[in-house]
Amino acid sequence: MRYDAKTYRLVEPGSLGKRALMVGVAGLALSGVGWALDADRFFHAYLAALVCWLAIALGALFFVMVHYLVSARWSVVLLRLSENVALSIPYLAVLFIPVLFGLGHLYHWSHADVVAADEMLQNKSGYLNAPFFIVRTVIYFAIWSFLAGYLNRMSVKQDAGYDQARTDRVKWVAAVGMIAYALSVTAASFDWLMSLDAHWYSTIFGVNYFAAGLLTFVSVLVLLAIVLRRNGVLTETITVEHYHDLGKLIFAFTIFWSYTNFSQYLLIWYGNIPEETIWYADRWVGSWKTISLIIIFGHFAVPFIVLMTRSAKRSLTVLGVTAAWMVLMHYIEMYWLVYPTYIEHGASFGWMEPVTFVGIGAIVFWVFWSKCAKERLVPINDPKLQGSIDHVNPF
Amino acid sequence: MNAANEQTYGIIARFESPAELLRAAEKVRDAGYKRFDCHSPFPIHGMDHAMGMKGSKVGYIAGICGAIGGIGGLTLQWWTSTVAYPVVISGKPFFSYQAYVPITFGLTVLLAAFGAFFGMLITNRLPRWFDGLFYSEQFSSRVTNDGFFVSIDSSDPQFNAERCRAFLESVGGKQVEVVRGA
């Protein structure tokens, strides 16, 4: 790999992308074997891995939009990398197609006989039916793919020359896009994850999914920046000050994630109504209890304590290890959301869970890497670029 | 004014712009002065570094206060609802820690905020009614308006009115003035 620090270009992208693609294709092919062997398990493993990576890509899209909305300066050097993560959304849309073939394996509301015997599902069937589910999925991916593609196209155009009118237009799209994003992410998490148990409902569920995604995206961004730094890319551009700020975001969104998840839990615990508590009861059976406790401590307590000090956030080792830990915790949380309707008595891990997780993750990395190889790694004509490079945390 | 009670509070020099003040602060720091301060109508980025200031202690004060708030909040709820006045509420155990979380969280935040606020006041030695520098006419009239001042306190081990005056003039200070009053 060769990198030109003057033009911010990867002159020779090296074999990292190709290797990721090979791992991804191998992982997906192995998952295909899983489909043939045990379709029920395959679809649950696949859905968990897919929503895990999609949440991260959606976090990237949010990060880019909020960057424009607040006219952020410090994050300019991270903008192109974030766009490249968000650009994996259309690829994840393609990877979502197998799920549409597995509705019967995943969602009990998709069985006509189950619905016929269940008054509540009958009442919900105007919304929860296979054709409308597919239409909605297409709409969600269309919104996100458009936003990710548009924001990246405008940013790449800016590399040829700055145009204030274009930046103003992008801000408008980001503002309207943010509203569309909030509604679509909420609805998508309801459709894909909450409807696994269609009797149960929680209005804050979408916020939980979004919070997990944004938190993990920032962790992934830290890891990607460290990978680039190890290869001698952007070493003078992304400084310890940026890692410090990313560490603050991980810390803050760990608390936000805990706050929204606890808000959901507390109301259900207080109300103590069986139709609501069943969802948590399902996750407190057998070894599910262990997984629940791992999430409470691993997803909240560990990063909360580790990242509390300034020196931890400024140490690439501590921050990098914590970021990798958060990605693992994010997958376990998605597993915890998807699996209890499938394996009721307790959690169990086979080979399909890691294979789908690594396979889809490798595809996301391949997309990221090939976009990085195509364009400059920072928006060079952004008037705030130098300010971002020189950014210093006063505290 | 009683001349017998008159004392020297320090020496001040005025600078024309924030950038000049920043450069002067670096030189005063490098000259080894310990008890000096910079005064401007608004905060200046990089001033902490230019003055050679160490990290603030307020974070630790806030952290300790937050921990006291959290532990105190939890203990208060445990004691009131299991020892002092146990009441069965919707069939839940007396020690229902789930219900304690919001108040524990709230008290953690409240005491951490108090710690940050009062810790800031204490570390800044505030509030106080009077400072010797107010005796300077130019300081009082301009420091919150358009004046950028460096002051070296008379308690500084290196303080010597004549040498400080020469030094401040050499770094570009205007209207250098030894502040006296009673």
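Numbered from 1 within each chain, the chains take letters A, B, ... in sequence-line order.
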Give, for atom CZ of B/Phe105 and atom OH of A/Tyr259, the distance between the pair rounded to the nearest 0.5 Å.
->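 Reported to 0.5 Å precision, the distance equals 6.5 Å.
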
In this structure, are over 12 heavy atoms from other groups packed under 6.0 Å from [X] atom [atom1]?
{"X": "B/Phe130", "atom1": "CZ", "value": "yes"}
{"X": "B/Phe114", "atom1": "CZ", "value": "no"}
{"X": "A/Arg73", "atom1": "CZ", "value": "no"}
{"X": "A/Gln164", "atom1": "CD", "value": "yes"}
{"X": "B/Lys92", "atom1": "NZ", "value": "yes"}
{"X": "B/Tyr60", "atom1": "OH", "value": "no"}

Inter-chain contacts: residues 264-283 of chain A against chain B, heavy atoms under 4.5 Å |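 Counting heavy atoms that sit under 4.5 Å from chain B, the residues of residues 264-283 of chain A involved are A/Tyr265, A/Leu266, A/Trp269, A/Tyr270, A/Asn272.
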
